[in-house]
Amino acid sequence: TTKYRQYVITPQDKRRKPIKFKFCDSMGLEGKNAGLSAHDVGKLMDGHVKELAELSHGVMPGKAGYNANPTEDDRIHCVAFILNAVKVSAMDLGVVEKIKDIRKEANARNLHPIVILTRIDEICRMTEKDTSKVFFSKEVRDKVIEISTIFGINANQIYPVRNYSIETECENEMDILILRAARQILRYSKDFLLDKLAREAVKEKNLKKEMAELKERKKKQKARMQEGSSEEDNGGDYGSSQEDQDAESNSDSSVEPEVPKNRRSRSSLGDYSNPPKKRISKTESFNQPPAPPTVNKPPPPLPTASRKAVVQYDFDGNRRDGEIPLKAGEEVTAISPDEGGWTVVRNALGKKGKAPTNYIDWSSMKGQKQPPPQPKQQKMYAIVDYNAGDEDEVDLYVNEKVTELEPDDGGWTKIRKEDGMEGLVPSEHLGILD
């Protein structure tokens, strides 16, 4: 078969309900690059294949039959290789290597691979006559040792069985061998699930510990920030007292008319050389922007044309006077050199206008900088499974290859999966591919 099939075991009891046990059958292995690859079988183990999906063209995200969000019920809990006792000695070397790679995929997922050795009656006459003599057969024992040596699987994980071929009724001796293998599959599956629960409990315990440590670090950081803010407030009170004294001393003096906001032109700035002092509140900083330059004030060093710089303070430029509004942190380019304390600049949107030269930090950018080269995206793989616990997280499956989008930040790394999904995963769950 080239399709993925699932066979539910139905016990013969009064309820006739299927037990929670099923065999999942895939297509046979082929040598070299033909048929399923070890990576494809890994996807099968992870439950990424729907029943009746076509397997002849491999397992790829986006193809028909691909299960992007498998549940625990979709995943494999024990891997069994079905080998023909007659043909195993002449098996293609490409198939041998592929089985070894699949065994590695299983081991990486903490699965227990076993071998079911079929057609034992065809290599031993004694077993052919009496199936119950199988464990007294030298030929069968030698074949088990040979398979163990070739594939690196323990001899006690290889189970000889005899196939039904010409028999029309069940035979106890043959059924006992088949049920013995099935019982061991159930045992390995149970061990896998119990081990998985234990691993998840340990991971949850470690995660809680990490979250507690992170919470404690944030608490300490917040305390330091509040301490710094308290020191700033003390400085603000002092400034306010000084300004209040100045305001009281000048309370009898005449007050000049207030210049409306956004109406400061070059001509009006010359007349308005002594504006009323502003009272500094606790929440304001001493690092206030300087007043726009006046005509009489000596200009700062002249910026050269086409030179880039960064705006230091907000400026509510008046369009009627040819000025351009600017925001702190905005990048601008000088169009015309400084003239009387004003420089014509162009912002990122291409708009031009005059701006106070001393509102702009001309030393922060020396000429036009080329953007830095983008960092090489790191290829990584999942060391263990991870089930997403939030909307910005994604699931991980053992040995799944991913691409790092953003490096570790507080124990989390943003990655992109092969199916295009992006999200956060714990950094400790990832390993770097060579």
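- Closest approach of Q6 to C24, counting heavy atoms only: CG-SG, 3.8 Å.
- Considering only heavy atoms from C-beta on, F151 comes within 4.5 Å of V96 through its side chain.
- Listed here is the closest heavy atom pair of V398 and A108: CG1-O, 2.8 Å.
- Of the possible donor and acceptor atoms, none in the side chain of S137 sits under 3.5 Å from a partner among the backbone N and O of C124.
- Taking the centre of each ring, H77 and Y188 stay at or above the 6.0 Å mark.
- More than 12 heavy atoms of other shown residues, nucleotides or ligands fall within 6.0 angstrom of atom NZ in K100.
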| request: Dump the intermediate steps for salt bridge (Lys or Arg N to Asp or Glu O under 4.0 Å) on K327 and E330, then the final yes or no. | output: CA-CA 6 Å; K327 292 291 183 183; E330 185 177 358; over 6 Å; no

| field | Worked verdict on L83 versus T118 for side-chain contact (heavy atoms from CB on, under 4.5 Å) | value | CA-CA 6 Å; L83 299 182; T118 66; over 6 Å; no

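- For the residue pair D195 and N110, no side-chain donor N or O sits within less than 3.5 Å of a side-chain acceptor on the partner.
- At a threshold of 4.0 Å, the pair D92-K98 does not count as salt-bridged, since none of the basic side-chain nitrogens sits closer than that to a carboxylate oxygen.
- For D40 (side chain) and V59 (main-chain N/O), a donor-acceptor pair under 3.5 Å exists by modelled atom type.
- The backbone N or O of S165 lies less than 3.5 Å from no partner atom in the side chain of N163, so there is not a single donor-acceptor pair.
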| task | Check the pair E393 / W412 against side-chain contact (heavy atoms from CB on, under 4.5 Å), numbers first and verdict last. | result | CA-CA 10 Å; E393 300 173 17; W412 295 87; 3.7 Å; yes

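- F23 and Y7 have their aromatic ring centers separated by at least 6.0 angstrom.
- Note that the CD1 atom of I82 and the CD1 atom of I116 stand 4.0 Å from one another [nearest 0.5 Å].
- Contact between V394 and Y386 at its shortest, heavy atoms only, is O-CD2, 3.6 Å.
- Using a 4.0 Å cut-off between a side-chain N of Lys or Arg and a carboxylate O of Asp or Glu, E323 and K354 do not qualify as a salt bridge.
- Distance alone, capped at 3.5 Å, is enough to place a donor-acceptor pair between the K63 side chain and the H57 backbone.
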| request: Apply the test side-chain contact (heavy atoms from CB on, under 4.5 Å) to residues I150 and E146: give CA-CA distance (whole Å), side-chain angles for both, the deciding distance (0.1 Å), then the verdict. | output: CA-CA 6 Å; I150 293 174; E146 177 187 353; 3.9 Å; yes

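- Taking 4.0 Å as the cut-off between side-chain N and carboxylate O, D409 and K414 do not count as a salt-bridged pair.
- Although no hydrogens or angles enter the test, the distance criterion places no donor-acceptor pair under 3.5 Å between the side chain of R187 and the main chain of R183.
- The existence of a salt bridge linking R75 and E72 is confirmed by a sub-4.0 Å separation between a basic side-chain nitrogen and an acidic carboxylate oxygen.
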| query | Step by step, would you call K308 with T333 a side chain to side chain donor-acceptor pair (under 3.5 Å)? | reply | CA-CA 4 Å; K308 290 186 177 295; T333 304; 3.1 Å; yes

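- Under the 4.5 Å side-chain criterion, counting only non-hydrogen atoms from C-beta, V88 is in contact with I147.
- Note that the NZ atom of K196 and the CG atom of D191 stand 15.0 Å from one another [nearest 0.5 Å].
- Using a 4.0 Å cut-off between charged side-chain N and carboxylate O, E139 and K143 make no salt bridge.
- In this structure, the separation between CG on L29 and CG on L36 is 7.0 Å, given to the nearest 0.5 Å.
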| Should R162 and T131 be marked as a side chain to side chain donor-acceptor pair (under 3.5 Å) after you check the CA-CA gap, both sets of side-chain angles, and the distance that decides it? | CA-CA 8 Å; R162 180 173 179 174; T131 306; 2.8 Å; yes

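- Here the side chains of Y313 and P356 are not in contact, with every heavy-atom distance at 4.5 Å or above.
- With hydrogens and angles ignored, the 3.5 Å screen pairs no side-chain donor or acceptor of E204 with any backbone N or O of A201.
- Atoms SG and CG, from C170 and D175 in turn, are 5.0 Å apart once rounded to the nearest 0.5 Å.
- To the nearest 0.5 angstrom, K220 atom NZ is 5.0 Å from E216 atom CD.
- A distance-only check finds a donor-acceptor pair linking the side chain of N84 to the backbone of V86 [under 3.5 Å].
- Atoms CG and CG, on D408 and L430 in that order, are 9.5 Å from each other to the nearest 0.5 Å.
- A donor-acceptor contact shorter than 3.5 Å links the side chain of D395 to the backbone of A388.
- The pair K138-D142 meets the salt-bridge criterion, with a side-chain N (NZ, NE, NH1 or NH2) lying under 4.0 Å from an Asp/Glu carboxylate O.
- Considering only heavy atoms from C-beta on, R141 stays 4.5 Å or farther from V144 through its side chain.
- For the residue pair E404/T413, the side-chain donor-acceptor check at 3.5 Å is not satisfied.
- The minimum heavy-atom distance between V79 and A106, with the atom names listed, is CG2-CB, 4.2 Å.
- For the pair D25 and R5, the salt-bridge criterion is not met [side-chain N within less than 4.0 Å of a carboxylate O].
- Side chain of K104 to main chain of I99: no donor-acceptor pair is present (N/O by atom type, distance under 3.5 Å, no hydrogens or angles).
- Using a 4.0 Å cut-off between charged side-chain N and carboxylate O, E418 and K401 make no salt bridge.
- Distance alone, capped at 3.5 Å, places no donor-acceptor pair between the E167 side chain and the Y164 backbone.
- Aromatic rings of Y66 and H48 (six-membered ring for Trp) have centroids within the 6.0 Å cut-off, being under it.
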| task | Run the numbers on D73 and K22 for side-chain contact (heavy atoms from CB on, under 4.5 Å), then give the verdict. | result | CA-CA 10 Å; D73 186 55; K22 58 187 176 184; 3.7 Å; yes

